[in-house]
Every structure is written in C-alpha cells, then in structure tokens.
Novice: 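One structure coming up, written as structure tokens, with questions to follow.
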Number of protein chains: 2
Amino acid sequence: MSEDGMQMQEFSPRQGVVLECALRLLVDGGEKALTTAGVARAANCSKESLYKWFGDRDGLLASMISFQQSKVRTFERDGERLTAENFRDHLEIFAHDLIEVLAGDVSLALNRLAIGQASRDGSKLGGLLVERGRRQIERRARALLEAGRRAGFLRFDDADEAYHTLYGLIVSDLHVRLLLGEKPEIDATRRGRKAVSAFLRLHGRNLGEGDASL
Amino acid sequence: MSEDGMQMQEFSPRQGVVLECALRLLVDGGEKALTTAGVARAANCSKESLYKWFGDRDGLLASMISFQQSKVRTFERDGERLTAENFRDHLEIFAHDLIEVLAGDVSLALNRLAIGQASRDGSKLGGLLVERGRRQIERRARALLEAGRRAGFLRFDDADEAYHTLYGLIVSDLHVRLLLGEKPEIDATRRGRKAVSAFLRLHGRNLGEGDASL
DNA sequence: CGATCAAAGTACCGTACGGTACGGTTCCTA
DNA sequence: TAGGAACCGTACCGTACGGTACTTTGATCG
C-alpha cells in the first residue's frame with residue numbers, strides 16, 4: 001500500500017507533541033515502557049490516532065528517530081577562516097559536541113532501542129540512526145579534517161582512517177559503557193582536549209608548540 | 001565430552017547444554033526469540049526445570065552471561081621476556097584478540113541483551129558484562145602496558161589514559177556499529193597493526209625505527 | 001442549525017509470554 | 001521389587017500487549 005520511501009515528512013505540531021511524549025516515556029522507562037496504550041495515555045491521544053499517523057509500532061519507533069534527529073540537526077559553523085589558533089579550537093569543539101551528543105539521554109535511549117531491535121531482520125532502526133545521525137557528525141568531522149589538511153595543519157593519507165582515529169581517541173569505550181548503563185562523570189571539555197592533543201601529535205603540522213604539550 | 005576439572009563449577013553439564021541452546025537461540029533470533037518455552041523446546045527440557053535451575057527469566061539471562069564468560073576465560077601469555085621485537089607483537093596480538101572478541105556473535109548478542117535491559121532498574125546484566133568480561137581484557141592490557149613501560153618501550157603518565165587511548169585506536173566506533181547491526185568486513189590483523197602503530201607513535205620509546213613508518 | 005470530519009476515550013479481540021501444576025518416564029538405590 | 005528423586009512433556013492460568021472497532025466529543029463550515 002503506502003510506499004515508505006526516503007521522504008522525510010514533517011510532522012504536524014500535534015504529532016510532534018505525541019512523539020515528544022513517546023521519547024520521554026522511552027528515556028524514562030526503556031523500550032518496555034513504550035507501549036501504544038502508554039503513549040496514548042501520556043499524550044492524551046487515542047490509540048487509533050497513533051495507528052493512523054504512524055502505521056504500527058515500528059512506524060512509531062522510526063518516526064521517533066526521525067523526529068528527534070530532525071530537531072538535533074548539526075549546525076556547521078565553517079564560515080570563518082582557519083588559522084593555526086582556531087583550528088585546534090574547532091577540533092576541540094567538535095570533540096566536545098560529539099561527547100555531549102553521545103551521552104545525551106535521548107540519544108542513549110534511541111541507540112538502546114535500535115540495538116535491541118538489531119537482531120530482527122527488517123529492523124532498519126539501526127540503519128536510520130547511522131544514516132541520519134552518525135553520518136551527519138561524520139560529514140562535519142570530515143569537512144573539518146579536509147579543511148585542516150588544505151590549510152596545512154594536518155597530514156594524513158586516508159581521510160577515512162584519520163576520522164576513525166579522531167573518533168576513537170575522543171570516544172574510546174565511553175559510548176558502550178554508557179549504553180550498558182554505567183553513569184560515569186564526564187568532563188567533555190577536558191576529555192575532548194586530550195583527544196585532540198593526541199590526534200594532533202599523530203597528524204598535526206605547523207601548529208606551533210601546542211601539539212607537543214602533554 | 002572432555003572433563004576439564006576446573007570447568008563449570010556453577011552449572012551441571014546438563015545445565016551447560018541448556019545454556020548453550022539458550023545462547024544459540026539468542027544469537028540467532030535476539031532477545032525476542034529467547035522465550036522460556038523456546039529454550040525448553042530447543043534444549044529438550046521442561047520449563048519446570050528451567051525455573052528450578054535458574055529461578056526466573058532474569059536468572060536465566062544472568063546465568064547465560066556467567067556461563068559464556070566462564071568459557072571464554074582470557075588466557076594470558078606473559079611468560080616470555082619482553083624484547084623490542086616481540087613487544088609490538090604482543091600489542092598487535094592483543095588488538096587482534098580484542099577485535100575478534102568484540103565482533104564475536106555471542107558477545108554481540110549478549111551485549112545487545114544487556115544494553116536492552118540497561119534502562120530497567122535492577123538489571124545488573126550490564127554490570128555483569130562489564131565486570132566479568134571487560135575487566136578481564138582491561139587487566140590483560142594494563143599488565144602489558146605496565147610491562148612495556150618497565151622495559152622502557154613505553155612512556156606514559158596515566159596508565160588509565162594510555163589504556164583508553166589504545167582501546168579507542170583499536171576499536172573506534174566499530175563496536176557500536178556492530179551492535180547496531182552493520183556487518184562490515186573486518187581485517188582484525190590489519191586494523192590492529194595500524195592501531196598499534198599509532199599508539200606507539202604516541203607512547204612508544206626505544207623501539208627502533210618501526211614506530212615512525214606509516 | 002445541522003452536516004461533517006478529526007480525534008479522544010473505551011471496550012474488545014487474539015495472541016504470546018512468564019510462570020505453575022500435574023501426569024508419565026527414567027534411573028538410582030535399598 | 002518397591003520407593004523415590006529428577007525430569008520431560010504438556011496442559012493450564014493470568015496478564016499484558018498490539019491492533020481494531022465503536023461511541024462520543026468538539027470544532028469547522030455551508
């Protein structure tokens with residue numbers, strides 16, 4: 001019947017409120033708490049409307065992911081010129097943002113949801129998360145890396161590999177630990193600074209003495 | 001089959017077989033497929049026995065994790081002396097093993113299970129996984145790092161930080177991508193070698209010219 | 001005002017699962 | 001050979017959830 005193509009439909013305000021309630025339920029109680037009756041009760045809407053708007057439960061889950069990511073939409077601030085001073089800042093800001101995003105409760109809840117459904121065959125939720133969420137961040141990082149190389153601040157052969165290195169230095173096993181339920185205190189700024197420092201020791205060039213400290 | 005003596009003190013052989021069947025079900029069909037009736041059918045045992053042995057469903061899940069990790073028991077091969085030539089090998093072997101473990105289907109299934117239950121209050125599954133599984137690997141890596149430092153091959157201030165750096169360089173976002181259902185081809189040896197190379201560029205010392213290549 | 005339409009609220013249905021109970025079978029032991 | 005323990009297979013129960021249908025409310029418009 002309905003082709004669920006890649007059209008990223010916008011949701012009506014009412015639907016947005018409902019999806020917000022659903023996200024709230026998911027964050028608070030996990031997937032188990034995300035029942036159709038529960039969403040309907042929390043959002044003061046009818047189950048029939050839920051099924052009319054989102055098709056079925058899986059459609060609701062997918063809509064929640066799309067909705068959330070349509071809100072978070074990464075804003076690229078690449079207007080200014082790159083200098084030796086602010087390039088490191090750009091990297092550190094990226095690292096900070098990445099940590100904050102990954103550690104956000106909504107992000108964690110959605111990732112848990114997608115991972116829980118990953119074993120199912122047609123789940124598509126993991127794909128949605130990766131496609132719409134992760135790729136955004138990856139593109140932003142890659143643009144930054146390429147700009148740094150063009151400006152002479154970075155040296156690397158494979159941009160893919162450089163990105164993975166940066167990501168690993170920033171995140172390490174933090175994401176999985178958070179997903180498993182650990183709640184460590186995170187100093188995103190400090191952590192990001194150290195990661196960027198290590199990354200620049202690996203790939204930095206013409207950045208002054210800063211890349212040798214620590 | 002072969003009696004190992006020190007193997008499975010907690011579970012009888014029959015229970016081990018049942019847990020094996022349960023793990024198989026979990027790997028194949030995810031948590032949804034792991035029903036008490038399903039396990040009983042697959043293992044040719046009665047539901048009553050399941051509840052007698054493991055208490056309830058959560059007890060079964062916890063037992064599956066304990067059982068699996070009692071099998072995998074990381075074997076430390078630190079008998080030989082460290083030399084400049086084989087220290088790098090040790091690191092690369094560790095990296096290779098780490099990737100293989102994380103990418104194993106049973107490991108992925110159990111991690112998905114624990115992550116799915118992480119939002120629940122008393123889940124403890126994530127704690128079990130971290131405690132029994134991750135800590136093992138962490139101890140092995142840390143012993144290796146400390147030995148490398150004592151032998152003069154490594155230089156770092158904070159062993160914790162050095163370990164996280166090594167882990168991040170090896171794994172990056174691979175683990176989460178696997179958990180989300182992506183199935184990339186992984187060359188564990190190659191990936192490990194690159195990670196170790198970068199790690200040694202950051203923290204290596206007195207290792208000849210190898211750490212400057214690539 | 002009366003018609004219409006969207007949506008809330010509720011009742012309902014089928015199913016699937018966790019957990020329990022019970023009869024039948026095997027095997028060990030006195 | 002009798003008794004008992006362990007255990008299998010199955011039937012059963014209560015509940016909870018996904019999904020559907022029906023009734024009611026309330027707003028818009030001719």
Side-chain angles (χ1 to χ4, degrees), chain A residues 1-2 4 9-26 28-65 67 109 112-113 116-117 119-125, chain B residues 8 10-26 28-65 109 112-113 116-117 119-125:
Chain A
M1 295 210 182
S2 62
D4 55 348
Q9 54 169 9
E10 205 45 54
F11 300 106
S12 78
R14 177 74 181 123
Q15 291 168 13
V17 173
V18 171
L19 290 174
E20 205 84 57
C21 289
L23 283 172
R24 186 78 211 164
L25 274 177
L26 179 68
D28 290 344
E31 188 194 348
K32 239 189 36 171
L34 195 73
T35 68
T36 54
V39 173
R41 195 180 329 115
N44 284 329
C45 76
S46 68
K47 285 172 66 176
E48 200 170 21
S49 299
L50 290 182
Y51 286 100
K52 181 178 178 182
W53 293 333
F54 309 112
D56 57 0
R57 188 171 183 270
D58 287 348
L60 175 63
L61 303 185
S63 297
M64 290 166 62
I65 292 181
F67 176 71
R112 289 201 186 103
L113 179 66
Q117 305 265 332
S119 49
R120 295 189 49 184
D121 36 16
S123 68
K124 303 203 313 178
L125 290 191
Chain B
M8 53 180 78
E10 308 191 40
F11 304 109
S12 74
R14 176 71 181 128
Q15 290 168 13
V17 173
V18 171
L19 290 174
E20 205 85 57
C21 289
L23 283 172
R24 190 74 215 162
L25 273 179
L26 180 68
D28 290 343
E31 189 193 347
K32 241 190 29 174
L34 196 71
T35 68
T36 54
V39 172
R41 196 180 327 116
N44 284 328
C45 76
S46 68
K47 285 171 68 175
E48 200 170 21
S49 300
L50 289 183
Y51 286 99
K52 181 179 179 181
W53 294 332
F54 308 113
D56 58 359
R57 188 171 183 271
D58 286 348
L60 174 64
L61 302 186
S63 298
M64 288 166 63
I65 291 181
R112 291 201 185 103
L113 180 66
Q117 305 266 330
S119 49
R120 294 191 51 183
D121 35 18
S123 68
K124 301 207 316 174
L125 291 190

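First the proteins, then the strands, lettered A, B, ... as listed; each starts at 1.
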Novice: How long is the line joining CZ of A/Arg57 and P of D/dT20, in whole Å?
Specialist: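 Rounded to the whole Å, the gap is 15 Å.
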Novice: Please identify each residue that fulfils salt bridge (charged side-chain N to carboxylate O under 4.0 Å, His left out) with B/Asp56, with sequence neighbours left out.
Specialist: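 B/Asp56 satisfies salt bridge (charged side-chain N to carboxylate O under 4.0 Å, His left out) with no other residue.
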Novice: Answer whether the closest heavy-atom distance between the side chains of B/Val18 and B/Phe11 falls below 4.5 Å.
Specialist: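 Side-chain contact under 4.5 Å: no.
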Novice: Measuring from A/Leu61:CG to A/Gln117:CD, what's the distance to the nearest 0.5 Å?
Specialist: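 So the CG of A/Leu61 and the CD of A/Gln117 are separated by 6.0 Å.
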Novice: Side chains of residues 36-52 of chain B: which donor-acceptor pairs under 3.5 Å do they make with residues two or more places apart or in other chains?
Specialist:
residue	atom	partner	partner atom	Å
B/Ser46	OG	B/Ser49	N	3.1
B/Ser46	OG	B/Ser49	OG	2.9

Novice: Quick one: how far along DNA chain C does chain B reach, first to last nucleotide 5' to 3', anything under 4.0 Å to a heavy atom?
Specialist: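 Listing 5' to 3', DNA chain C meets chain B from C/dC17 to C/dC22.
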Novice: Could you list all the salt bridge (charged side-chain N to carboxylate O under 4.0 Å, His left out) pairs where at least one residue sits in residues 29-40 of chain B, not counting sequence neighbours?
Specialist: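 Counting only pairs at least two positions apart or across chains, the salt bridge (charged side-chain N to carboxylate O under 4.0 Å, His left out) contacts touching residues 29-40 of chain B are B/Glu31-B/Arg57.
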Novice: Can you measure from OG1 (B/Thr35) to CG (B/Leu60) and round to the nearest 0.5 angstrom?
Specialist: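 Going from the OG1 atom of B/Thr35 to the CG atom of B/Leu60 covers 10.0 Å.
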Novice: Could you pull out all residues at least two apart from A/Glu20 that satisfy side-chain hydrogen bond (donor to acceptor under 3.5 Å, both in side chains)?
Specialist: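 A/Glu20 satisfies side-chain hydrogen bond (donor to acceptor under 3.5 Å, both in side chains) with A/Lys71 only.
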Novice: Nearest 0.5 Å, please: how far is CZ in A/Arg24 from CG in A/Leu34?
Specialist: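 These two atoms lie 13.5 Å from each other.
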Novice: Going by number, which of residues 38-53 of chain B have a non-hydrogen atom under 4.0 Å from DNA chain C?
Specialist: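 When residues 38-53 of chain B is checked for heavy atoms under 4.0 Å from DNA chain C, the hits, listed by number, are B/Lys47, B/Glu48, B/Tyr51.
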